Chemist: 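Dumping the structure here so I can ask a few things about it.
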Amino acid sequence: MNITARAILTAIAAIFCQGAHAQFEGQVYQSRTDISVWANGQERTLAWCGGFNNPQLAMGDLNNDGRQDLVIYEKFNRQVKTFINYGTPGNPDYRYDPRYALQFPQAAEYLILADYNDDNIPDLFERGLSGYEVWRGYYNGSNELCFTYYKALNYTNDSQTIGVVNAYVEPSDIPAVYDIDNDGDLDFVAFYAGGSRFYYYRNMRVEDGLPADSISIKLRDRCWGKSFQGFERTYTLAYPCSNAGLGRSAGGDTRHTGNTLCLLDADGDGDADILNGNLSFSDIQFLVNGKAQGTTGTDSIVAQDTTWKGYSNAQWPSAFALDIDQDGKQDVLITPHADLTSENYKTIAYYRNTGTSSSPVFTYQSDTFLVDKTIDAGTNSRPLFYDYDKDGKPDLIVGSDGYYQNGLLRSRLSYYRNTSTPGNPSFEFQSHDLVNVAALSLRGSSPAAGDLDGDGKDDLVIGQADGTLTMFTNTAASGSVQPIWANPVVKIQDVNPYIIDVGQAAAPLIYDIDQDGRPDLLIGNSLGYLSYYRNVNTTPGVLALELVNDQLGGVKTDPQVSFLGHCTPFIGKMDNTNVDYLVSGSTSGTIYRFTGFQGGDTAVAYPMIDSAYSWITNAGIRTAPAIADVDGDGWYEMVVGNQFGGLFLYRQWVNASAGDVVKHPAASVKIWPNPAAGYFDVSWSRVAEEVSVTVVNSLGQVLYQRRGLSGESLQVETSGWASGLYFCTWQSAGQRVTQRVAVMR
């Protein structure tokens with residue numbers, strides 16, 4: 001991960017730590033997936049899963065029904081997405097269900113599911129602080145897969161180090177979890193801290209006669225596979241390695257870091273072959289292990305294909321060996337791993353095993369596997385509800401920072417026609433390039449519609465990543481028919497005339513903020529502020545905008561961080577109160593809500609009345625909300641764009657209060673027994689909202705995390721935790737309670 005990405009994640013973490021001072025109305029909206037979306041006669045069954053940019057894929061039974069489900073992890077903001085399999089063997093049907101993601105810990109860098117203790121329940125491996133850390137899987141009373149922290153994987157048998165050492169994984173790398181020696185327990189392979197050679201950590205559970213629910217590792221080989229990679233695609237084979245005393249291997253190290261490792265038996269001979277992607281290239285290297293054919297019983301790379309299958313859709317690809325089609329044979333899927341610098345729509349290439357388990361044949365199927373069932377606009381999606389076909393129903397228009405084409409982002413507008421009937425909401429895809437935006441080679445298409453030039457017809461304004469705006473004039477016969485947006489003007493000007501430029505990430509909104517009868521132009525920007533250009537038009541058909549304030553109402557999204565924010569404004573009705581509110585997404589993903597503008601005064605501050613509206617905190621980062629009553633049933637829907645280019649869906653499920661903020665009674669939270677031995681219970685009362693519970697140790701490592709809980713209690717298992725002091729944080733509706741818990745073995 002680059003320095004900018006780390007800074008953003010650090011800032012976002014700081015924002016979320018401010019929860020004790022947050023304001024909330026309560027949970028008016030609920031995450032849903034039940035608005036159908038159709039394209040060319042086929043339903044897009046994953047329409048509302050939020051899109052993919054750098055997906056890592058894993059499989060496990062999430063709901064304990066005997067079928068393998070799908071987990072997708074996005075490392076950039078550590079987001080987990082869960083998909084339940086409703087199909088049959090050989091014909092899986094994966095459907096997005098965010099409930100199960102709430103039971104996952106916040107994994108770092110990578111997420112691997114594998115069963116280390118032979119209980120037929122997936123366990124979880126992630127980087128933690130520096131390498132391999134393990135979470136034990138179990139099913140709760142609702143048959144949901146949950147995890148409790150087990151331990152970091154440490155070893156002590158290295159003459160080059162002192163004391164206990166964590167099996168190391170380079171930041172941003174993906175290591176391997178695989179039974180290397182075929183003894184029935186899982187071993188571990190990763191590139192060392194330099195990127196040229198494989199380190200092999202052997203699990204001694206079977207050899208040492210340890211209980212099944214344990215892992216004990218030793219550093220077995222500093223040069224597993226007897227190969228070396230420098231800056232070239234080609235590996236040096238039969239590399240002269242020395243493991244005497246497990247000291248340093250012979251030869252220098254001239255390799256930079258950045259590798260994604262996948263082990264599989266690609267030729268059916270019983271040893272572990274390798275698919276590896278690395279930072280320097282856009283293809284996968286395939287390394288053939290000759291252990292089964294050799295005489296020494298040593299893992300040794302004997303052949304290589306440096307451009308396996310000719311795959312080249314992504315800078316720094318990652319390979320995953322999974323039985324994705326559920327036919328009993330492992331397939332291979334390849335995804336982009338580089339942060340925001342490679343393919344962002346063709347993000348899952350699928351190579352199906354059309355051979356057998358013992359003689360695999362990996363045959364290309366698609367480079368948009370699963371993605372073609374979603375709404376995915378590339379990167380940083382920006383939705384707009386607007387009645388484009390003038391049938392009285394809000395249609396959905398989606399812009400974004402664009403799709404990567406030949407290494408450059410190029411934006412378009414997608415159009416989904418509203419085909420709903422009351423109580424049966426639905427959309428039908430119409431176009432991927434609504435007004436031929438692609439021809440302008442814009443980076444960024446954040447759409448807004450309204451009559452800015454005073455001719456009675458709604459125009460189209462598009463915000464761009466560089467902070468400027470493009471405007472399409474409506475040349476239709478009247479404002480009551482479908483608009484004809486034409487004659488684009490790139491980088492529109494104000495009355496001075498200066499090019500309108502808000503810095504970066506222009507997110508426009510057309511709304512009569514001063515209530516003088518003329519729609520004004522409001523523009524959010526990357527710093528989180530809202531600029532106000534007053535409409536001073538006196539001649540129909542002439543654009544006349546005057547800058548009044550570049551920090552309207554004191555609005556600032558992500559207010560704890562000065563250099564972040566990404567204000568993406570929406571103003572309108574959003575619930576049964578029939579009141580217009582200002583709602584905005586942000587860099588952190590938090591949805592903010594403001595009031596105080598309804599009287600038309602643009603010189604006063606607009607108070608923030610929600611710092612995490614409707615408790616929406618899992619919609620990714622760079623969020624962008626749009627709200628409308630999609631099916632005319634009196635209840636509102638909210639779609640939220642995000643950095644991954646897709647959309648999340650939320651639907652109003654309770655009536656909002658008449659006031660701006662619900663006053664929540666102080667919660668009563670109890671932890672018992674304390675000290676705890678084996679488990680402790682967390683119970684609460686006087687809470688109607690969703691609850692999260694997190695337990696960390698004295699180093700700040702998260703050992704337990706549950707979000708979106710209902711009910712009034714839960715049990716935290718502490719078996720396997722070291723004796724000591726832990727910190728349990730309970731949070732709901734702006735309230736936060738942290739208590740110390742003593743754990744005894």
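Keep in mind that this is a model prediction, so the values were computed, not measured.
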Chemist: Could you check whether Lys491 pairs with Asp466 (Lys NZ or Arg NE/NH1/NH2 to Asp/Glu carboxylate O, under 4.0 Å)?
Modeler: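 Yes, Lys491 and Asp466 are salt-bridged.
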Chemist: Do Pro171 and Glu109 make a side-chain contact, defined as non-hydrogen atoms from C-beta onward lying under 4.5 Å apart?
Modeler: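 Counting from C-beta outward, Pro171 and Glu109 do come under 4.5 Å.
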Chemist: Tell me if a side-chain donor or acceptor on Thr374 pairs with a main-chain N or O of Gly51 at a distance below 3.5 Å.
Modeler: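 Side chain of Thr374 to backbone of Gly51, a donor-acceptor pair under 3.5 Å: no, none is there.
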Chemist: Parallel, tilted or perpendicular: which one describes the rings of Phe648 and Tyr96, with boundaries at 30° and 60°?
Modeler: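 Rings of Phe648 and Tyr96: tilted, 30 to 60°.
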Chemist: To the nearest 0.5 Å, tell me how far Thr470 OG1 sits from Ile492 CD1.
Modeler: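 Reported value, rounded in 0.5 Å steps: 8.0 Å.
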Chemist: State, with a plain yes or no, whether a side-chain heavy atom of Val630 is found less than 4.5 Å away from one of Asn418.
Modeler: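 Counting from C-beta outward, Val630 and Asn418 do come under 4.5 Å.
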Chemist: Considering only heavy atoms from C-beta outward, does the side chain of Asn53 approach that of Phe76 to under 4.5 Å?
Modeler: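 When only atoms from C-beta onward are counted, Phe76 and Asn53 do not touch, as no gap falls below 4.5 Å.
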Chemist: To the nearest 0.5 angstrom, please state how far the CD atom of Gln643 sits from the OG1 atom of Thr379.
Modeler: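 If we round to the nearest 0.5 Å, Gln643:CD and Thr379:OG1 are 7.0 Å apart.
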Chemist: Return yes if a side-chain donor-acceptor contact under 3.5 Å exists between Ser282 and Ser312, otherwise no.
Modeler: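 Short answer, no.
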Chemist: Parallel, tilted or perpendicular: which describes the rings of Trp485 and Tyr386, with under 30° parallel and over 60° perpendicular?
Modeler: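 Taking Tyr386 first and then Trp485, their aromatic rings sit tilted (interplane angle of 30° to 60°).
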Chemist: Give me the atom names and distance for the closest heavy-atom approach of Thr568 to Ala624.
Modeler: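 Heavy atoms of Thr568 and Ala624 come nearest at OG1-CA, 3.4 Å.
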Chemist: Would the distance check show the side chain of Asp395 and the main-chain N or O of Tyr388 forming a donor-acceptor pair, the cut-off being under 3.5 Å?
Modeler: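 Present.
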Chemist: Please determine whether a side-chain nitrogen of the Lys or Arg among Arg534 and Glu546 lies less than 4.0 Å from a carboxylate oxygen of the Asp or Glu.
Modeler: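 A salt bridge links Arg534 with Glu546.
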Chemist: With rounding to the nearest 0.5 angstrom, report the OH to CZ distance, Tyr415 to Phe427.
Modeler: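 Result: 10.0 Å between the selected atoms.
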Chemist: Quick check: does any side chain N or O of Asp451 sit under 3.5 Å from a backbone N or O of Gly456, one acting as donor and the other as acceptor?
Modeler: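 Yes: the side chain of Asp451 pairs with the backbone of Gly456.
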Chemist: Less than 4.0 angstrom from a charged side-chain N to a carboxylate O is my criterion; do Asp433 and Arg410 meet it?
Modeler: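 Looking at Asp433 and Arg410, the cut-off is not met.
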Chemist: Are Arg32 and Tyr650 packed together at the side-chain level, in the sense that at least one heavy-atom pair is separated by less than 4.5 angstrom?
Modeler: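 No. Closest side-chain heavy atoms not under 4.5 Å.
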Chemist: Taking the six-membered ring of Tyr73 (Phe, Tyr or Trp), confirm whether the NZ or CZ of Lys81 is under 6.0 Å from its centre and within 45° of its axis.
Modeler: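 Not flagged: Lys81 not positioned over aromatic ring of Tyr73.
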Chemist: What distance separates Leu527 CG from Ser562 OG, expressed to the nearest 0.5 Å?
Modeler: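 The CG atom of Leu527 sits 8.0 Å away from the OG atom of Ser562.
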